[in-house]
Protein chains: 2
Amino acid sequence: MSSANSLAVEDLGSAAQRDRRKRILDATYQLARDGGFDAVQMRAVADRADVALGTLYRYFPSKIHLLVSALGRTFEQAEAAMRGKPVPGDTAADRVISVLKKTTRGLQGDPHLTEALTRAFMFADASVAAEIHDVGMLMTSMLTHAMDPERGGEVTDDDVAIARVIGDVWLSALVAWVTGRSTAADTAQHMETAVRLLLRD
Amino acid sequence: MSSANSLAVEDLGSAAQRDRRKRILDATYQLARDGGFDAVQMRAVADRADVALGTLYRYFPSKIHLLVSALGRTFEQAEAAMRGKPVPGDTAADRVISVLKKTTRGLQGDPHLTEALTRAFMFADASVAAEIHDVGMLMTSMLTHAMDPERGGEVTDDDVAIARVIGDVWLSALVAWVTGRSTAADTAQHMETAVRLLLRD
DNA sequence: GGACGAAGTGGAACGTGTTCCTATTATGTC
DNA sequence: GACATAATAGGAACACGTTCCACTTCGTCC
């Protein structure tokens, strides 16, 4: 599902246009990875992509759309790479904490990229609600799977509710970490405490 | 206290200074309530508060500091209005839900204000940590008080941890509502579920 | 009262996201 | 090939957060 106003790949007829779009997204990715949200400046993106500023705005109507388009898929891939692998841990709480730690470590390996992505998502309005919802669903299913690895697709309402609460805590902790208000260790500790409160067996 | 922080009330010697600070926060509140984040423009705030732009920046080093401080004051007032009054509800969960509903209803009655304050909260970096910490402590103490109205200042570590998790859920739900990803009813339902998961007696 | 430093005023100026305009280049049609 | 239309280049212009500067007012100490 493409964003409401960005030009999607399938909307572009010519190879030159698809190439322009790719150059723009490449430039965005590099700038975000190297310098975070503030380094993704529209003139810099246009410059690096060898495209006029007006053209950039023709393809992506705002900096937020640009970042969400450029980084959304990267984020999904990073999350999906974790799916399917066996989750270590004897209790549900241990397994959930393991998943959370691995996910968080992955994001923290590219701090600038994560900062740019998180800021863009937090600033985004309803036009990117679908993408954000997808990420939330992915997170929830990852967590319910960690809670009940045996059970195939069968999860209780309680499990889903708990997973959503953990997802909320995770998001808050991520924002706090991205904005420099807490350290990686604080983030991990806080999430572990929350999980043990919710999954006390 | 470095110059990167907002000037707190207790730092201000003269009555004229306290009055300037109050006028600034009043102007911020009004602009935010009427037009949201984008309407809180520094020149407009300075203008309405009858203060020079440089003076505004002397009291609050950025728009984010300004908005977060305004949020803090609003919270203080809400908490003061609630203090002393008995919290209805027979169980801790009922009382916490009552407090959350009242607070949330207040915020949802002023959607523009809530949007402005939530955006500021999500965009705040480490330099606003002090102000955000104040808000977090206020929220936490409101919640722990609802959990144990009898106990004076005595709260367990568990109570504080639970209150923090509830605060995270509340913030996530607020962001979802502000960005149009969930309705007010969804928000209330989700928070109630989270509280009952955390405070099952 | 006078001196002096801190605080405030008024406004210019700068950076970056966004919009807009004109000239130029591709692209498709006859 | 000639033309019409769309896309792009190039860049000026605007909006708003932020910084800075020259000047004035306020408060305090002698």
Side-chain angles (χ1 to χ4, degrees), chain A residues 5-9 11-24 27-28 31-32 35-70 116 119-120 122-125 127, chain B residues 1-24 27-28 31-32 35-70 116 119-120 122-125 127-128:
Chain A
N5 297 324
S6 303
L7 266 60
V9 184
D11 297 334
L12 301 173
S14 82
Q17 285 175 321
R18 282 193 297 276
D19 191 56
R20 271 194 199 89
R21 193 186 138 95
K22 181 181 181 305
R23 289 204 310 273
I24 290 172
T28 304
L31 288 167
F37 187 87
D38 288 343
V40 181
Q41 301 183 0
M42 300 305 269
R43 289 173 181 82
V45 171
D47 223 40
R48 186 178 289 220
D50 208 21
V51 142
L53 190 57
T55 304
L56 171 55
Y57 272 93
R58 195 177 143 61
Y59 280 70
F60 300 96
S62 79
K63 173 171 175 172
I64 298 300
H65 281 82
L66 177 59
L67 278 169
V68 169
S69 298
R119 281 244 152 100
M122 290 297 104
F123 218 73
D125 59 6
S127 75
Chain B
M1 197 73 68
S2 90
S3 66
N5 288 329
S6 308
L7 266 58
V9 184
E10 53 267 23
D11 297 334
L12 300 174
S14 81
Q17 285 175 320
R18 281 192 297 278
D19 191 57
R20 269 192 202 90
R21 188 177 198 276
K22 180 181 182 305
R23 289 205 310 272
I24 290 171
T28 304
L31 288 167
F37 187 86
D38 289 343
V40 180
Q41 302 183 359
M42 300 306 267
R43 290 174 181 84
V45 171
D47 224 38
R48 185 177 291 219
D50 209 21
V51 142
L53 190 57
T55 304
L56 172 54
Y57 271 93
R58 175 175 228 304
Y59 280 71
F60 299 96
S62 78
K63 174 172 174 170
I64 300 298
H65 283 82
L66 179 57
L67 280 169
V68 172
S69 298
R119 281 252 157 94
M122 291 295 97
F123 224 70
D125 65 0
S127 73
V128 206

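Remember, it's a predicted structure, so these values are computed and weren't measured experimentally. So that the names make sense, note that chain A is the first sequence line, chain B the second, and so on, each numbered from 1.
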Choosing from [options], which nucleotide comes nearest the side chain of [X]?
{"X": "A:Tyr57", "options": "C:dT19, D:dG17, C:dG8", "answer": "C:dT19"}
{"X": "B:Val51", "options": "C:dT9, C:dG17, C:dG8", "answer": "C:dT9"}
{"X": "A:Arg20", "options": "D:dA9, C:dT18, D:dT18", "answer": "D:dA9"}
{"X": "A:Arg58", "options": "D:dT18, C:dG8, D:dT8", "answer": "D:dT8"}
{"X": "B:Arg43", "options": "C:dT18, D:dA9, C:dA13", "answer": "C:dA13"}
{"X": "A:Ala52", "options": "C:dT19, D:dG10, D:dA7", "answer": "D:dG10"}
{"X": "B:Gln41", "options": "C:dG17, D:dC16, D:dA7", "answer": "D:dC16"}

For this session: Supply the atom-to-atom distance B:Asp125 CG to B:Ile64 CD1, rounded to the nearest 0.5 angstrom.
Result: 8.5 Å
May I have the distance from [X] (atom [atom1]) to [N] (atom [atom2]), rounded to whole angstrom?
{"X": "B:Lys63", "N": "C:dG17", "atom1": "NZ", "atom2": "C1'", "result": "13 Å"}
{"X": "A:His65", "N": "C:dT18", "atom1": "NE2", "atom2": "P", "result": "10 Å"}
{"X": "B:Ile24", "N": "C:dA7", "atom1": "CD1", "atom2": "C1'", "result": "12 Å"}
{"X": "A:Arg18", "N": "C:dA26", "atom1": "CZ", "atom2": "P", "result": "18 Å"}
{"X": "A:Asp50", "N": "D:dT8", "atom1": "CG", "atom2": "P", "result": "13 Å"}
{"X": "A:Leu53", "N": "C:dT22", "atom1": "CG", "atom2": "P", "result": "18 Å"}
{"X": "B:Phe123", "N": "D:dC16", "atom1": "CZ", "atom2": "P", "result": "17 Å"}
{"X": "B:Gln17", "N": "D:dG27", "atom1": "CD", "atom2": "C1'", "result": "10 Å"}

Exercise. Taking the nucleotide of DNA chain D with the closest heavy atom to each, which residue, A:Ala16 or B:Val40, is nearer the 5' end?
Worked result: A:Ala16
For this session: Please report the shortest heavy-atom distance between A:Gly36 and A:Ala116, naming the atom on each side.
Result: C-CB, 4.0 Å
Exercise. If you look at every heavy atom in B:Arg23 and B:Ala49, which pair is closest and at what distance?
Worked result: NE-O, 2.8 Å
For this session: Would you classify B:Asp47 as touching base, sugar-phosphate or nothing, given that sugar-phosphate means primed atoms plus P, OP1 and OP2, and contacts are heavy atoms under 4.0 Å?
Result: nothing
For this session: Nearest-nucleotide wise, let me know which of A:Asp38 and A:Gly54 is further upstream toward the 5' end of DNA chain C.
Result: A:Asp38
For this session: Between A:Ile64 and B:Leu56, just flag the one whose closest nucleotide in DNA chain C comes earlier from the 5' side.
Result: B:Leu56
Problem set entry | Residue from B:Arg43, B:Met42, B:Arg20 passing side chain to side chain contact (heavy atoms under 4.5 Å, CB included) with B:Leu56 | B:Met42
Exercise. OP1 or OP2 of C:dG8 less than 4.0 angstrom from a side-chain nitrogen or oxygen of B:Tyr59, does that happen here?
Worked result: yes
Exercise. So, for A:Phe37 and B:Phe123, is the gap between ring centers shorter than 6.0 Å?
Worked result: yes
